[in-house]
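Written below as structure tokens is the structure these notes are about.
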2 protein chains.
Amino acid sequence: MPGFIGREQHTIDEKGRLMIPARFRRKFLLQGEQGGAPTPAREQVLYVLKADEGCLELYEPSAWGEKERQLLKLSDFNPEERLLTTMIYARLDQAELDRSGRIALSREMLEHAGIDREAVIIGANVKMIVWDPARLDRLLGENKGRFAQLAGRYV
Amino acid sequence: MPGFIGREQHTIDEKGRLMIPARFRRKFLLQGEQGGAPTPAREQVLYVLKADEGCLELYEPSAWGEKERQLLKLSDFNPEERLLTTMIYARLDQAELDRSGRIALSREMLEHAGIDREAVIIGANVKMIVWDPARLDRLLGENKGRFAQLAGRYV
DNA sequence: CCATTTTTTCCCACTTTCCCCCACATTAAA
DNA sequence: TTTAATGTGGGGGAAAGTGGGAAAAAATGG
């Protein structure tokens with residue numbers, strides 16, 4: 001439902017706080033609303049996942065629930081599936097929005113993404129993807145040539 | 001449904017605002033209408049995509065939704081498909097029409113298209129294509145000779 | 001269990017950006 | 001020529017983003 005779309009760049013302050021763009025916030029603050037005011041929505045939370053590519057993924061609760069449903073299908077007895085479960089939850093964290101719409105990212109998370117003072121937030125419909133600007137540029141640059149090929153194969 | 005047809009040229013002001021031609025606007029303002037008045041349609045939005053050729057594409061929501069449906073089919077676990085997702089969403093943005101029928105294009109977008117003060121808007125049925133006038137002329141000039149060949153191959 | 005240090009988060013203030021709204025220019029229609 | 005519709009430009013208020021001080025909470029060490 002969220003439908004996060006767009007790319008923004010924000011600074012991360014000394015305290016490791018990352019601003020969630022207002023237009024993204026609006027997407028999930030309206031959850032509890034029915035024609036009324038856009039709820040202040042206390043206790044708003046996001047799920048933060050370290051991704052393989054060296055970036056972070058932010059899920060709004062209902063979107064994470066969707067993903068979690070897939071994980072719950074994994075067997076508790078099959079070693080491989082147990083390992084996958086462990087790997088995912090070991091990379092997962094939870095972050096609350098403060099009253100200004102920011103989340104505090106741990107040093108670990110920031111380190112994983114190689115983020116220093118600036119971060120790019122990409123809306124990817126169901127989730128937000130957070131990158132160090134330089135690292136993202138490098139990825140996109142290195143793979144520019146593959147775009148047509150991949151797009152042709154999948155879309 | 002929209003059926004944007006025609007070519008227009010408009011100026012982009014200091015604030016990076018691009019006028020959407022009235023005749024194009026009318027195409028998608030009629031969406032929610034059934035015999036009634038052409039809805040003022042608050043919150044009208046366009047999807048803006050950086051295209052490979054160095055231009056911008058403007059999709060009307062239902063047209064973009066078509067594409068998005070394909071993107072949602074991509075796996076969240078397959079590295080290649082993840083890469084493709086990132087590449088597309090990194091080039092995508094959303095722009096709302098203001099009350100005068102204009103959209104605000106980010107500096108990034110304008111830079112990508114090499115647009116300064118003038119922009120050509122080409123209606124291409126389901127989307128609009130935005131070019132820097134000079135750049136478009138150059139592309140068409142350089143490839144004039146290939147038209148017959150391409151047309152013969154594909155149409 | 002208390003005292004001290006560190007971390008968290010609430011709150012306020014400043015700066016910047018966005019966008020509503022109006023005014024005017026220009027073109028098209030009547 | 002009048003009237004309306006479209007395109008262009010900008011002032012100013014509101015909202016968003018940024019940073020930091022200080023209270024509250026948590027962690028650490030006796």
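We name chains A, B, ... by the order of the sequence lines, and we start the count at 1 in each one. These numbers were taken from a predicted model, which means no experiment stands behind them.
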query: Does I122(B) reach the side chain of F4(B), with side-chain heavy atoms less than 4.5 Å apart?
result: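 With C-beta onward as the side chain, the pair stays apart.
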
message: Would you say that Q44(A) contacts R25(A) through its side chain, given a criterion of any heavy-atom pair below 4.5 Å between the two side chains?
response: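 When only atoms from C-beta onward are counted, R25(A) and Q44(A) do not touch, as no gap falls below 4.5 Å.
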
task: Could you walk me through whether E80(B) and R146(A) pass salt bridge (charged side-chain N to carboxylate O under 4.0 Å, His left out), step by step?
output: CA-CA 10 Å; E80(B) 274 197 347; R146(A) 294 177 63 198; 3.4 Å; yes

query: How is R117(B) classified with respect to the nucleic acid when contacts are heavy atoms under 4.0 Å: base, sugar-phosphate, or nothing?
result: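 Contact class for R117(B): sugar-phosphate only.
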
Nearest-angstrom distance from the residue atom [atom1] of [X] to [atom2] of [N]:
| X | N | atom1 | atom2 | result |
| --- | --- | --- | --- | --- |
| L18(B) | dC19(C) | CG | P | 15 Å |
| R102(A) | dC12(C) | CZ | P | 14 Å |
| M19(A) | dT15(C) | CE | P | 18 Å |
| L105(A) | dT8(C) | CG | C1' | 14 Å |
| D13(A) | dT8(C) | CG | C1' | 12 Å |
| R26(A) | dC19(C) | CZ | C1' | 12 Å |

Toward the 5' end of DNA chain C, by each residue's nearest nucleotide, S100(B) or A104(B):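 Closer to the 5' end of DNA chain C: A104(B).
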
message: If the threshold is 4.0 Å, N to carboxylate O, is there a salt bridge linking R135(A) and E53(A)?
response: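 No.
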
query: So does K127(A) pair up with D76(B), basic N to acidic O under 4.0 Å?
result: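 D76(B) and K127(A): salt-bridged.
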
message: Donor-acceptor pair, distance only, cut-off 3.5 Å: does the side chain of H112(B) make one with the backbone of D52(B)?
response: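 No.
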
- request: Let me know which of V126(B), L46(B), L92(B) forms a side-chain contact (heavy atoms from CB on, under 4.5 Å) with W64(B).
  value: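 Going through V126(B), L46(B), L92(B) one by one, the side-chain contact (heavy atoms from CB on, under 4.5 Å) with W64(B) is satisfied by L92(B) alone.
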
Check: K15(A) side chain, dT9(C) base, donor-acceptor under 3.5 Å: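 Between dT9(C) and K15(A), which were checked side chain against base, a qualifying N/O pair under 3.5 Å is present.
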
- prompt: Does R99(A) make a side-chain N or O approach to OP1 or OP2 of dC11(C) shorter than 4.0 Å?
  reply: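 Checking R99(A) against dC11(C): at least one side-chain N or O falls below 4.0 Å of OP1 or OP2.
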
field: Relative orientation of the end axes in the helix from dC1(C)-dG30(D) to dA30(C)-dT1(D), expressed as an angle to the nearest 10° (five pairs per end)
entry: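 One end's axis against the other's: 40°.
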
message: Do K67(A) and F77(B) form a cation-pi contact, if we require the NZ or CZ to be under 6.0 Å from the six-membered ring centre and within 45 degrees of the ring's axis?
response: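 Here K67(A) passes the 6.0 Å and 45° test against F77(B).
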
message: Could you tell me the boundaries of the chain B footprint on DNA chain D, defined by atoms under 4.0 Å from its heavy atoms?
response: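 The contact span of chain B on DNA chain D goes from dT6(D) to dG11(D).
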
- prompt: Please walk me through it: do R117(B) and E14(B) pass salt bridge (charged side-chain N to carboxylate O under 4.0 Å, His left out)?
  reply: CA-CA 8 Å; R117(B) 274 200 65 78; E14(B) 299 291 325; 3.8 Å; yes

